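Below you'll find the structure, written out as structure tokens, and then a few comments.
The shown structure was predicted, so the numbers you read here are calculated from the model rather than taken from an experiment.
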Amino acid sequence: ATAVPISEWIVAMLMFIYKNSATVHERKQSRQWIVDKNILELSGKVAGFLGTGNIARNAAERLQPFGVRLIGMNTDGRSVPMFPECYSINDLEKFLPECDVVISTLPDTAGTRHILNEKTFTMMKKGVTLINVSRGAVIDEAALVSFLQKGYFRGAALDVFEQEPLPADSPLWDFDNVIITPHNSFLSDSYRDRVFSVIFDNLKNYMDKRPLQNIVDFDRGY
């Protein structure tokens, strides 16, 4: 029900950061005509997805026409549609240095909590773009703030946080290259219709003794 709007949000945020749209808007507000040469193309860039589930596959499908190279990371490095290359969660030191963009779609489990931290940030390219639509606990926010202060990231788009609502005194609010949205990426004009369809179809499946959709495994955490 949420994969389409979240995947569109990922593409929108990445384009916003790559095309330096915040600076363009600021200059428009002050009526400044300044050519901006700090613009990146998506073509030829490597987008690495932490997690290769439904949201990641939908987002990858939308990025593919831009000529982006898509790589994925999951628990065991198994092959997944839309990702010609997949790495195991134990191979972050190989996966992260490849990425121009790191996109987290991971659940919050014991194995993923703070998987993006001071150590793993140092594995990334300087100038990398970070996008998180999964769970705030995946990122060590104190470490992220430290690396943002060092100018390590081109930009970050964050829809989820360790504490929600994000406290007004969080340093994350202060960075011009950080986009903050209030756990909002899943919403759209079609959200209610999709949720209703999932519930309705599951009720029919249950009555007909057929497998249900979107089953959560509480032991795995997702």
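- For the atom pair CG of Leu158 and CD1 of Ile180, the computed distance is 6.5 Å after rounding to the nearest 0.5 Å.
- If you look at Phe83 and Phe49, their ring centroids are closer than 6.0 Å.
- For Asn214, the side chain to side chain contact (heavy atoms under 4.5 Å, CB included) partners at least two apart in sequence or on another chain are Val198.
- Here Ser43 pairs with nothing under the side chain to side chain donor-acceptor pair (under 3.5 Å) rule; sequence neighbours left out.
- Between His114 and Ile139 the shortest heavy-atom distance is CD2-O, 3.5 Å.
- For Gln163, the side chain to side chain contact (heavy atoms under 4.5 Å, CB included) criterion is met by Pro167, not counting sequence neighbours.
- Leu130 and Tyr18 are assigned to two separate hydrophobic clusters, defined by single-linkage of ILVMFWY side chains at heavy-atom distances under 4.5 Å.
- Hydrophobic clustering of Ile, Leu, Val, Met, Phe, Trp and Tyr side chains at less than 4.5 Å, counting indirect connections, keeps Leu14 apart from Leu148.
- Each of Leu116 and Val101 belongs to its own hydrophobic cluster when Ile, Leu, Val, Met, Phe, Trp and Tyr are linked at side-chain heavy-atom distances under 4.5 angstrom.
- At least one side-chain heavy atom of Leu70 sits under 4.5 Å from a side-chain heavy atom of Gln64.
- Distance check, rounded to the nearest 0.5 Å: CD of Glu118 to CG of Asp140 gives 8.5 Å.
- Distance alone, capped at 3.5 Å, is enough to place a donor-acceptor pair between the Asn202 side chain and the Gln213 backbone.
- When side chains are defined from C-beta on, Glu141 counts as touching Phe161, because their heavy atoms get closer than 4.5 Å.
- Partners of Arg194 by side chain to side chain donor-acceptor pair (under 3.5 Å), not counting sequence neighbours: none found.
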N/O donor to acceptor pairs below 3.5 angstrom from side-chain atoms of residues 85-97, sequence neighbours left out:
| from | atom 1 | to | atom 2 | distance (Å) |
| --- | --- | --- | --- | --- |
| Glu85 | OE1 | Arg69 | NH2 | 3.1 |
| Glu85 | OE2 | Arg69 | NE | 3.0 |
| Glu85 | OE2 | Arg69 | NH2 | 3.0 |
| Ser88 | OG | Thr75 | O | 3.4 |
| Ser88 | OG | Asn90 | N | 3.1 |

Task: Worked verdict on Leu42 versus Met15 for side chain to side chain contact (heavy atoms under 4.5 Å, CB included) - done: CA-CA 8 Å; Leu42 288 180; Met15 292 294 284; 3.3 Å; yes
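- Side-chain atoms of Phe175 and Val145, non-hydrogen and from C-beta on, do get closer than 4.5 Å to each other.
- Thr112 and Pro107 get closest at one heavy-atom pair: OG1-O, 2.6 Å.
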Task: Audit row: Val160, Val133, side chain to side chain contact (heavy atoms under 4.5 Å, CB included) steps and yes/no - done: CA-CA 6 Å; Val160 290; Val133 293; 6.0 Å; no
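- For residues 150-173, the set of pairs meeting the salt bridge (charged side-chain N to carboxylate O under 4.0 Å, His left out) definition, not counting sequence neighbours, is empty.
- Contact between Ala47 and Val68 at its shortest, heavy atoms only, is CB-CG1, 3.6 Å.
- Remark: Tyr191 engages no residue in a side chain to side chain donor-acceptor pair (under 3.5 Å) (not counting sequence neighbours).
- The side chain to side chain donor-acceptor pair (under 3.5 Å) test applied to Arg31 returns no partner, not counting sequence neighbours.
- Residues that satisfy the ring-ring contact (aromatic ring centres under 6.0 Å, His included) test with Phe200, not counting sequence neighbours, are Phe196.
- With sequence neighbours excluded, no residue forms a salt bridge (Lys or Arg N to Asp or Glu O under 4.0 Å) with Asp219.
- Put simply, the side chain of Thr181 never gets that close to the backbone of His183: no donor and acceptor are under 3.5 Å apart.
- Ile215 belongs to a hydrophobic cluster whose remaining members, ordered by chain and number, are Tyr206, Leu212; membership requires side-chain heavy atoms of ILVMFWY residues under 4.5 Å apart, directly or through intermediates.
- Using a 4.5 Å heavy-atom threshold, the side chains of Val4 and Ile6 count as separate.
- Taking OH of Tyr222 as the start and CG of Leu106 as the end, the distance is 9.0 Å to the nearest 0.5 Å.
- The structure places CG of Leu50 at 9.0 Å from CD1 of Ile71, a figure rounded to the nearest 0.5 Å.
- Put simply, the side chain of Trp9 reaches to within 4.5 Å of the side chain of Ile131, judged on heavy atoms.
- When all heavy atoms of Ala143 and Asn117 are compared, the closest pair comes out as CB-C, 4.1 Å.
- When the side chains of ILVMFWY residues are joined at heavy-atom separations under 4.5 Å, either directly or via intervening members, Ile17 and Phe66 end up in a single hydrophobic cluster.
- If you check the side chains of Thr105 and Ser134, you find no donor sitting under 3.5 Å from an acceptor.
- Interatomic distance, Ile103 CD1 to Cys99 SG, rounded to the nearest 0.5 Å: 9.0 Å.
- At distances below 3.5 Å, at least one donor-acceptor pair connects side-chain atoms of Ser30 with backbone N or O atoms of Glu26.
- Between the side chains of Asn58 and Asn54, at least one donor N or O sits under 3.5 Å from an acceptor N or O.
- Note: Phe121 and Phe153 meet the aromatic proximity criterion, with ring centroids under 6.0 Å apart.
- Remark: Asp208 engages Arg210 in a salt bridge (Lys or Arg N to Asp or Glu O under 4.0 Å) (not counting sequence neighbours).
- Separating the OG1 atom in Thr23 from the CG atom in Asp36 is a distance of 6.0 Å, to the nearest 0.5 Å.
- Formation of a donor-acceptor pair under 3.5 Å by the Ser7 side chain with backbone atoms of Ala3 is found in this model.
- The shortest non-hydrogen separation linking Met82 to Glu61 is CE-CA, 3.4 Å.
- Cluster annotation: Leu144 and Trp173 are assigned to the same hydrophobic cluster (Ile/Leu/Val/Met/Phe/Trp/Tyr, side-chain heavy-atom contacts under 4.5 Å, transitive).
- At distances below 3.5 Å, at least one donor-acceptor pair connects side-chain atoms of Lys19 with backbone N or O atoms of Leu40.
- For the pair Phe147/Met124, no side-chain contact is recorded, criterion being any heavy-atom separation below 4.5 Å from C-beta on.
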